[in-house]
Participant: 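Sharing a structure here in structure tokens format.
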Amino acid sequence: MPKRVKAYQAFVEDLEKRIQESGEVGQEELSKLIDTTQEYLQAASDLSQDEWQLIANYVRRDLSDWKTDYQRAYDESPGMALLKESIWYWLAKLSDQSQVEWHELIGDLQHQGVYQSGELIGLGVIECAECGDKTALWHPTIISSCEHCQGKRFYRHPISEQQA
Ligand SMILES: [Zn+2]
């Protein structure tokens, strides 16, 4: 497993613990918890501070984009049942409770709905900007070039749009 994917998973697991210990979490608290997790992990790791900053940015972006999915009814979609054991399920429950202002989470991070190959995405459907080919990503994955046209730019769609 690539180092960054491993780091991403460690990040989300640590963040989950902090959120559960905190109870109700609003946007500001969530953003602070992400900072705390980053500081904690980079203190005891062979990854650089810049690497952890990058991972933290991926997590913020995933949380922000996740908002499209958490509003959907999981139980009515067969594909979503797969997520019940995953980190995304508690994130959905969390966001229901806390009315998080997700767009605030990513602040000035460059994003604008476009993903590049080489970036990491936690969960979602990516669509090649060149040929429209769609791929569902159910686990944290580093995006590779489009296997059809070698395109390097992608749009993201909610995983719930994936046809079962
Ligand atoms: Zn393509």
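When a ligand or atom number is given, it counts from 1 through the structure's own listing order.
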Participant: To check your reading of the site, what angle at the Zn ion (ligand 1) do SG of C149 and SG of C128 form, to 10°?
Facilitator: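 With the Zn ion (ligand 1) as the vertex, SG (C149) and SG (C128) sit 100° apart.
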Participant: Near the Zn ion (ligand 1), is there an N/O/S atom from H148 that is less than 2.8 Å away?
Facilitator: no
Participant: Can any side-chain N or O of R156 pair as donor or acceptor with the backbone N or O of L123 at less than 3.5 Å?
Facilitator: yes
Participant: Test K152 against every option in S117, S144, S145 by the side-chain hydrogen bond (donor to acceptor under 3.5 Å, both in side chains) rule and name the one that passes.
Facilitator: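 For K152, the side-chain hydrogen bond (donor to acceptor under 3.5 Å, both in side chains) test succeeds with only one of S117, S144, S145, which is S145.
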Participant: I'd like to know if K3 and E51 make a salt bridge, using a cut-off of under 4.0 Å between side-chain N and carboxylate O.
Facilitator: no
Participant: Rounded to the nearest 10°, what angle sits at the Zn ion (ligand 1) between SG of C146 and SG of C131?
Facilitator: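 It rounds to 110°.
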Participant: Apply side chain to side chain donor-acceptor pair (under 3.5 Å) to the pair R18 and T36, showing each step before the final yes or no.
Facilitator: CA-CA 9 Å; R18 288 177 203 282; T36 309; 5.6 Å; no
